[in-house]
Amino acid sequence: MLQVQLPDGKILECADNASAMDVAMQIGPRLAKATVAARIGDRTVDATRPLTTFTDQRPVPLRLLTDRDPESLDVLRHSCAHVMARAVMRLFPDVSLAFGPTIAGGYYYDFDLKHKLSEDDFAAIEAEMAKIVGQEEPFEQFSLGRPEATQLCSDLKQSLKVEHIQTGLAEHEQLGFYRQGEFVDLCRGPHIPHAGYIKAFKLMSVAGAYWKGDAAGRQLQRVYGTAWFSPKDQQAYLDQIEEARRRDHRVLGKKLGLFHITPDVGQGLCLWLPKGARIRVLLEEFLRNELLQRGYQPVYSPHLGRVELYETSGHFPYYRDSQFPPLFTAQAGGLVDAWIEMLKKDEPLAEDAEARLFQAAQVLGVEIEGFDLSLAKDEKLKLLNQWQRQHERYLVKPMNCPHHAQIFKAQPRSYKQLPLRLFEFGTVYRYEQTGELNGMLRVRGLTQDDAHIFCTDDQVEEEFRNTIELTKFVLKSVGLSDYRVQLSLRDPNSNKYVGSEENWSRAEAALRKVLEESGLEFHAREGEAAFYGPKADFMVRDCIGRQWQLGTVQLDYNLPERFQLEYVGADNKMHRPVMIHRAPFGSMERFCGMLIEHFAGAFPLWLAPEQIRILPLSEKSNDYALQLEKELTDAGFRVTTDLRGAKVQAKIRDAQVELIPYMAVVGPKEAETHSAALRDRLQGDLGAMPVSEMIAKLTEEVRERSIRHVVKSELPTAEETSKEVANEY
RNA sequence: GCUGCUGUAGCUCAGUGGUAGAGCACUUCCUUGGUAAGGAAGAGGUCAUGGGUUCAAGUCCCAUCAGCAGCUCCA
């Protein structure tokens with residue numbers, strides 16, 4: 001007999017070869033019907049295979065998973081991925097399968113296929129899937145040794161699977177497969193008992209993807225789908241996607257006149273229209289006041305800096321490809337620069353090509369003493385670099401920190417001045433890849449609410465704690481309360497990082513300690529750190545459950561080293577300060593873009609670009625309306641008056657559509673009593689009230705920075721999209 | 001950067017080789033109103049750009065630019 005222990009501690013006696021399904025049946029047929037999979041320890045397993053195949057532990061620690069457990073959805077979706085692959089294979093027999101894991105909200109499967117899939121194919125695939133689901137065939141697991149597994153995949157003409165067994169799975173002695181009817185797939189599982197458990201599914205989109213995520217590798221076609229235990233759940237999911245689409249900041253930004261991006265200015269370069277700029281100014285003023293109170297000092301730095309500055313900081317060599325190319329004052333600068341880059345590459349430059357470069361350089365007035373084409377590569381590089389250093393080269397700044405480091409260096413520093421907190425809304429430019437650009441969320445010119453804190457080793461913890469507090473305060477003020485922190489640490493197996501082992505360990509330990517003490521939800525991730533230090537990023541969830549990376553705090557032991565920053569300590573010796581980079585908003589562009597989506601364009605009163613619109617009943621009341629506009633403007637509000645010769649209903653509708661928080665309807669009655677009929681965008685008519693009362697009410701709402709009208713997502717939010725390929729080997 | 005899709009009026013879009021269209025917005029006129037669209041008239045286009053095929057191209061082909069989705073990247 002096999003002993004099984006359920007979550008409530010109860011022990012059941014079962015047959016030696018019992019499966020989770022058998023256990024469920026033993027408890028009750030209704031439970032058995034609802035059972036989808038099972039959990040043994042922290043592993044999700046098939047409900048239909050003997051428990052003894054999964055564990056040697058006795059009694060077996062078993063938790064049955066029904067369609068109500070979140071883990072079950074992953075199982076269902078992965079099975080649905082198999083169903084989809086099977087359908088695709090029936091329609092396109094020459095298809096070669098890659099991977100088909102679950103992801104947040106659904107699943108995908110990558111195909112290598114001659115036929116170019118498009119959404120037009122979805123109906124046929126879905127129809128085939130419906131047939132498969134209707135047949136309710138079971139998923140049957142079996143294992144093979146390496147040679148047999150390789151042979152099987154090869155017989156099935158699945159070359160990608162063969163490749164994967166030989167490379168990615170080189171360590172595995174036994175390889176698992178699942179069979180469903182004629183469809184066999186190399187797969188770790190687990191799966192639902194049979195396809196009939198899929199009560200709702202839908203193909204969502206098709207896109208390109210790379211084999212094993214390698215941009216240099218083969219391009220595959222990826223079909224995304226979703227699957228649910230009930231059509232109702234699926235509809236709720238589709239509704240949420242629709243809601244996200246409605247909130248798209250690019251659409252709202254256009255509709256509400258907040259910002260504009262045009263190829264006439266350049267890709268990824270954002271124009272802030274008056275109303276969008278208004279929101280930004282308000283946020284900047286809010287933060288500036290807060291920083292001044294917290295002992296920060298404002299600084300300004302130029303948009304350009306010498307290339308050498310960024311060579312010193314390390315940014316230029318490391319990020320060269322994602323920066324705008326250097327600017328040269330000498331005419332031939334670009335040519336020499338390109339020449340150097342070509343020489344640096346391993347493949348040798350054709351001799352006549354280099355001769356022509358040399359000639360062109362000479363035409364452009366480059367004179368390099370002692371240069372000869374017959375010189376060794378290193379010699380040539382030395383002379384060309386020497387020429388470059390004798391001529392000015394500038395970079396549009398990709399980072400503010402080197403400038404701020406220079407401000408620190410501008411005078412001798414004493415420990416008494418530390419911590420020195422320098423802040424600037426600094427605009428930086430980065431040459432992001434075309435495919436990455438996305439409205440205001442990913443741009444090529446962005447303004448960071450940047451600051452650098454220079455402090456002693458002893459102050460690091462306290463300063464880091466303060467920045468965490470600041471970020472918490474800022475997020476709270478704009479009504480963002482659902483967030484957690486991602487602590488990004490170095491990848492111990494990589495050598496892309498600069499700085500000593502010891503500094504890294506110290507920095508990582510300090511961050512972890514403060515985060516632990518802060519009570520914030522945080523999780524650590526290795527390999528996500530910046531090249532110069534570990535960081536803590538604020539991952540903020542908006543009102544419909546999407547996650548955004550906004551504020552960031554980064555520790556840096558490296559830059560002070562590179563810039564040779566020093567201060568005089570109490571011991572009259574020179575010491576190296578530590579630098580903390582921090583930006584509670586992150587970038588103004590990204591933050592505002594996120595806020596637009598979070599509020600669906602309906603900003604709270606304190607941030608609304610237009611707070612009140614005065615609607616005169618007819619032209620007869622225009623004079624009073626304008627008088628009221630002046631009064632409200634003097635009281636500090638952002639007000640306009642709708643003087644069009646339209647009916648008040650039409651004016652109301654337009655103001656509603658433009659998401660103006662308050663309307664003030666005025667007619668002869670109001671003019672007589674110096675009042676206004678206030679209309680709340682959300683609650684409707686609030687009735688007439690004296691102007692003084694209205695000012696008091698709205699002033700209070702601004703002062704409190706009240707947030708109303710934010711919807712809360714009904715759906716459980718998908719856990720952050722994991723990079724791991726679940727369900728796959 | 002890669003793969004795929006898209007580009008027609010300020011906006012949203014229709015137009016499948018034969019005279020450039022609609023709704024909204026805009027302008028003017030009428031209407032002077034009490035909480036989500038009053039009426040009429042008018043103006044607005046090098047059909048993204050450049051080539052090509054054709055008697056004829058918004059429509060077919062090629063290139064470029066830009067946008068969208070996904071991948072890859074993100075100091």
Item to complete: Would you kindly check if the NZ (Lys) or CZ (Arg) of A:R222 is within the cone defined by 45 degrees around the ring axis of A:Y108 and under 6.0 Å from the six-membered ring centre?
Response: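 Geometry flag: set, cation within 6.0 Å and 45°.
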Worksheet item: On the ring face of A:Y431, is A:R444 found with NZ or CZ under 6.0 Å from the centre and within 45° of the axis?
Response: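 Geometry flag: set, cation within 6.0 Å and 45°.
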Nearest to the side chain of [X], heavy atoms from C-beta on, is which of [options]?
X	options	answer
A:P398	B:G34, B:U72, B:A75	B:A75
A:R644	B:A75, B:C26, B:G34	B:C26
A:H315	B:A37, B:A75, B:G70	B:A75
A:Q219	B:A75, B:G70, B:G34	B:G70

Practice prompt. Mind running a 4.0 Å heavy-atom check of residues 650-658 of chain A against RNA chain B and sending the residues that fall below it, in number order?
Written response: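 Listed by number, they are A:A650, A:I652, A:R653, A:Q656.
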Euclidean distance for [atom1], [N] against [M] (whole angstrom):
N	M	atom1	result
B:U8	B:G58	P	15 Å
B:C71	B:G39	P	47 Å
B:A20	B:A43	C1'	16 Å
B:C24	B:A9	C1'	12 Å
B:G4	B:A75	C1'	31 Å
B:C55	B:G50	P	23 Å
B:U59	B:U3	P	24 Å
B:G45	B:U49	P	14 Å

Discussion item. Ring-plane angle category for A:F585 and A:F591, please: parallel below 30°, perpendicular beyond 60°, tilted otherwise.
Written reply: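 Tilted.
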Do the ring centers of [X] and [Y] come within less than 6.0 Å of each other?
X	Y	result
A:F99	A:H164	yes
A:Y300	A:H403	no
A:F111	A:Y109	yes
A:H452	A:F408	no

Worksheet item: Under 4.0 Å between a Lys/Arg side-chain N and an Asp/Glu carboxylate O for A:E619 and A:R644?
Response: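 No.
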Return the [atom1] to [atom2] distance between [X] and [Y], rounded to the nearest 0.5 Å.
X	Y	atom1	atom2	value
A:Y662	A:M694	OH	CE	10.0 Å
A:R679	A:L686	CZ	CG	9.0 Å
A:C401	A:H315	SG	NE2	4.5 Å

Item to complete: Ignoring hydrogens and angles, state whether a donor on the side chain of A:W211 or A:E163 is under 3.5 Å from an acceptor on the partner side chain.
Response: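 There is such a pair between these side chains.
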Item to complete: Check every strand shown and say whether A:Q554 touches a base, only sugar-phosphate, or nothing at a heavy-atom separation below 4.0 Å.
Response: sugar-phosphate
Check nucleotides 29-32 of chain B against the protein and report each pair of N or O atoms closer than 3.5 Å, with its distance, or say if there are none.
from: B:U32; atom 1: O2'; to: A:K620; atom 2: NZ; distance (Å): 2.9
from: B:U32; atom 1: O2; to: A:S618; atom 2: OG; distance (Å): 3.3
from: B:U32; atom 1: O2; to: A:E619; atom 2: N; distance (Å): 3.0
from: B:U32; atom 1: O4; to: A:E619; atom 2: OE1; distance (Å): 3.0
from: B:U32; atom 1: O4; to: A:E619; atom 2: OE2; distance (Å): 3.0

Between [X] and [N], does any side-chain N or O lie under 4.0 Å from OP1 or OP2?
X	N	answer
A:Y319	B:A75	yes
A:Y224	B:C71	yes
A:K535	B:A75	yes

Worksheet item: Closest nucleotide of RNA chain B for A:E436 versus for A:P668: which of these residues is on the 5' side?
Response: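 Going by which nucleotide is closer to the 5' end, it is A:P668.
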Response to the item:
To the nearest angstrom, the NZ-P distance between A:K254 and B:C11 comes to 6 Å
Worksheet, complete the sentence: Going 5' to 3' through nucleotides 60-68 of chain B and flagging B where a protein heavy-atom sits under 4.0 Å of the base, S where only the sugar-phosphate is that close, and - otherwise, we get ------SSS
